[in-house]
Amino acid sequence: MKISFTTKEYARLLELAYLGRWVVASRKSEDAPPARRYDDVFQKLFELAPSLGCADLVEERDGVPGPSAKLEENEHVREFIGEFENDTFWSELVTRLAEGDYAAEQAKRALAEAPGVEPPPTPDQRLKQIEDAYWDEFEKHDLANVIVLRGGRG
């Protein structure tokens with residue numbers, strides 16, 4: 001197979017490869033199986049970089065080509081990683097808080113269930129309602145109203 005890239009396109013491909021590898025390895029070590037799955041392709045892309053005008057984006061470490069400091073510190077790459085981490089934080093926070101609230105509601109409902117009471121929404125509907133309430137809160141106030149209780153549950 002033959003593919004043609006301009007230097008600018010190849011530089012962006014290296015950025016994508018770096019970002020993809022970073023996402024896969026961000027919660028594990030570089031040597032974890034999920035990250036190692038892509039090692040061969042990752043190294044091939046970086047081996048070809050000098051011949052495609054992107055030598056400044058590659059650095060050899062222990063005889064293995066990889067991203068240079070210039071690539072790792074690239075403004076667009078850093079910005080994307082920052083946004084990804086921020087989005088991940090908020091999504092995880094909202095989901096976990098909503099799941100905790102829903103579990104507490106279910107426990108209360110089981111204790112107080114009485115005949116003639118309107119049936120509760122489905123679990124998915126209720127979780128969505130709770131998540132929406134958290135999103136509204138965080139969009140209005142960021143973390144200003146979050147209180148962390150240490151050593152126990154409130």
Side-chain angles (χ1 to χ4, degrees), residues 1 3 5 8-46 48-49 54 57-59 61 64-154:
M1 172 172 49
I3 299 175
F5 289 103
K8 184 177 180 178
E9 290 170 333
Y10 202 76
R12 289 199 175 145
L13 181 61
L14 292 176
E15 286 177 17
L16 279 172
Y18 174 74
L19 288 167
R21 171 74 182 207
W22 184 91
V23 168
V24 171
S26 67
R27 301 289 180 242
K28 311 260 184 218
S29 77
E30 289 278 327
D31 295 328
R36 297 193 74 219
R37 175 181 180 180
Y38 303 102
D39 281 349
D40 293 341
V41 174
F42 191 69
Q43 287 176 9
K44 243 183 217 183
L45 286 172
F46 282 87
L48 294 171
C54 296
L57 301 178
V58 178
E59 185 177 288
R61 296 179 188 146
V64 178
S68 68
K70 180 178 180 179
L71 176 56
E72 292 175 335
E73 295 165 11
N74 175 291
E75 177 184 343
H76 299 292
V77 169
R78 294 278 99 203
E79 185 177 322
F80 178 83
I81 288 172
E83 288 174 6
F84 176 81
E85 288 178 320
N86 191 52
D87 291 346
T88 300
F89 167 77
W90 288 110
S91 292
E92 282 294 312
L93 181 61
V94 165
T95 298
R96 291 177 189 206
L97 290 171
E99 287 171 351
D101 288 358
Y102 179 74
E105 281 183 5
Q106 292 307 99
K108 287 178 189 175
R109 185 179 303 281
L111 293 173
E113 211 165 85
V117 174
E118 184 178 318
T122 67
D124 287 342
Q125 290 170 331
R126 186 59 189 137
L127 276 172
K128 176 78 171 103
Q129 291 170 345
I130 297 169
E131 286 179 0
D132 288 347
Y134 278 116
W135 279 117
D136 289 343
E137 173 65 24
F138 293 138
E139 285 171 0
K140 289 177 189 165
H141 304 286
D142 204 61
L143 292 173
N145 295 333
V146 173
I147 298 170
V148 176
L149 301 175
R150 297 176 190 228
R153 293 175 131 344

For Ala144, is there any backbone N or O sitting under 3.5 Å from a side-chain donor or acceptor partner on Asp142? no
Hey, does Phe138 have a side-chain heavy atom less than 4.5 Å from the side chain of Asn145? no
Is Arg61 reaching over with its side chain to a backbone N or O of Pro67, donor-acceptor style, under 3.5 angstrom? yes
Regarding Tyr134 and Asp101, do their side chains bring together a donor and an acceptor under 3.5 Å, going by distance alone? yes
Can we say Lys70 and Glu72 salt-bridge, meaning some charged N sits less than 4.0 Å from an Asp/Glu carboxylate O? no
What I want to find out is whether Glu105 reaches Arg126 closely enough, with some N-O distance under 4.0 Å, to be called a salt bridge. yes
Kindly indicate, with the supporting measurements, whether the criterion salt bridge (Lys or Arg N to Asp or Glu O under 4.0 Å) is fulfilled by Lys128 and Asp124. CA-CA 6 Å; Lys128 176 78 171 103; Asp124 287 342; over 6 Å; no
Gap separating the CZ atom of Phe80 from the OH atom of Tyr18, nearest 0.5 angstrom: 12.0 Å
In terms of relative ring orientation, are Phe5 and Tyr10 parallel, tilted or perpendicular, with 30° and 60° separating the classes? perpendicular
Could you check whether Lys140 pairs with Asp136 (Lys NZ or Arg NE/NH1/NH2 to Asp/Glu carboxylate O, under 4.0 Å)? no
Can you see whether Phe42 has Arg21 sitting over its ring - NZ or CZ less than 6.0 Å from the centre and within 45° of the normal? yes
Are Thr88 and Glu85 close enough that a side-chain donor and a side-chain acceptor fall under 3.5 Å? no
